[in-house]
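Note that the structure is a prediction, hence the values are computed from the model and not measured. Throughout, residue positions are numbered sequentially from 1 according to the sequence presented.
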Amino acid sequence: MSSVIRHTSTPTPASAPISPPRERAVPRAPVDPLWRSVLGLFLRRRRLAQGLTLAQVAGIAGVSTQYLSEIERGVKDPSSEIIAAVVGALGLGLVDLTEGTTGVLLDSAPASRTVPGGPVCLSGPVALAV
């Protein structure tokens, strides 16, 4: 008769595999927000400042309320045509959009990225004192 012998052993400390030391987390450089997040935040701020609902702006822009909500939350990446329709529904133009999104970016910029002693972006005529 033959018998089956099963051998189960646990590795001894001497025979246990040596795992490499864990790497320490390296601090990452600040990452700029996504365009769609910046756009959405700007659009939501402007809509709320005007006291408008999602349904009102969506109706004027010709998009669904759900889609406008997704744009404002930074979930969707709308086409330039949709952006123009929503911006127009808010009574704004391209200059308002670019200035407003620049403001959102500057608000969210880490202190290390701001220029000490002056603005980062100027608009309109600028006169320099000598």
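If you chain together hydrophobic residues whose side chains sit under 4.5 Å apart, Leu68 and Leu48 never meet in one group. If you chain together hydrophobic residues whose side chains sit under 4.5 Å apart, Leu34 and Val38 never meet in one group. Leu39 and Leu106 are not part of a single hydrophobic cluster, where members link through side-chain heavy atoms under 4.5 Å apart.
Distance alone, capped at 3.5 Å, places no donor-acceptor pair between the Ser69 side chain and the Thr65 backbone. Checking side-chain atoms of Arg36 against main-chain N and O of Lys76 turns up no donor-acceptor pair under 3.5 Å. In terms of modelled atom types and a separation under 3.5 Å, the side chain of Arg47 and the main chain of Leu52 share a donor-acceptor contact.
Here CZ of Phe42 is found 11.5 Å from CG of Leu105. Values are rounded to the nearest 0.5 Å. For the atom pair Asp32 CG and Ser37 OG, the distance stands at 11.5 Å (nearest 0.5 Å). Separation of atoms CG (Leu92) and CD (Glu99) is listed at 10.5 Å; rounding is to 0.5 Å. To the nearest 0.5 Å, the span separating CD on Gln56 from CG on Leu90 amounts to 11.0 Å. Here OH of Tyr67 is found 12.5 Å from CD of Glu72. Values are rounded to the nearest 0.5 Å. In this structure, the separation between CG on Leu41 and OG on Ser108 is 8.0 Å, given to the nearest 0.5 Å.
More than 12 heavy-atom neighbours from other residues, nucleotides or ligands sit within 6.0 angstrom of CD on Gln50.
Taking the side chain as every heavy atom from C-beta outward, Val104 and Pro33 never approach each other to under 4.5 Å. Annotation: side chain of Val57 is in contact with side chain of Val86 (closest heavy-atom distance under 4.5 Å). Side-chain contact between Ile71 and Ile82 is present, with heavy atoms from C-beta onward closer than 4.5 Å.
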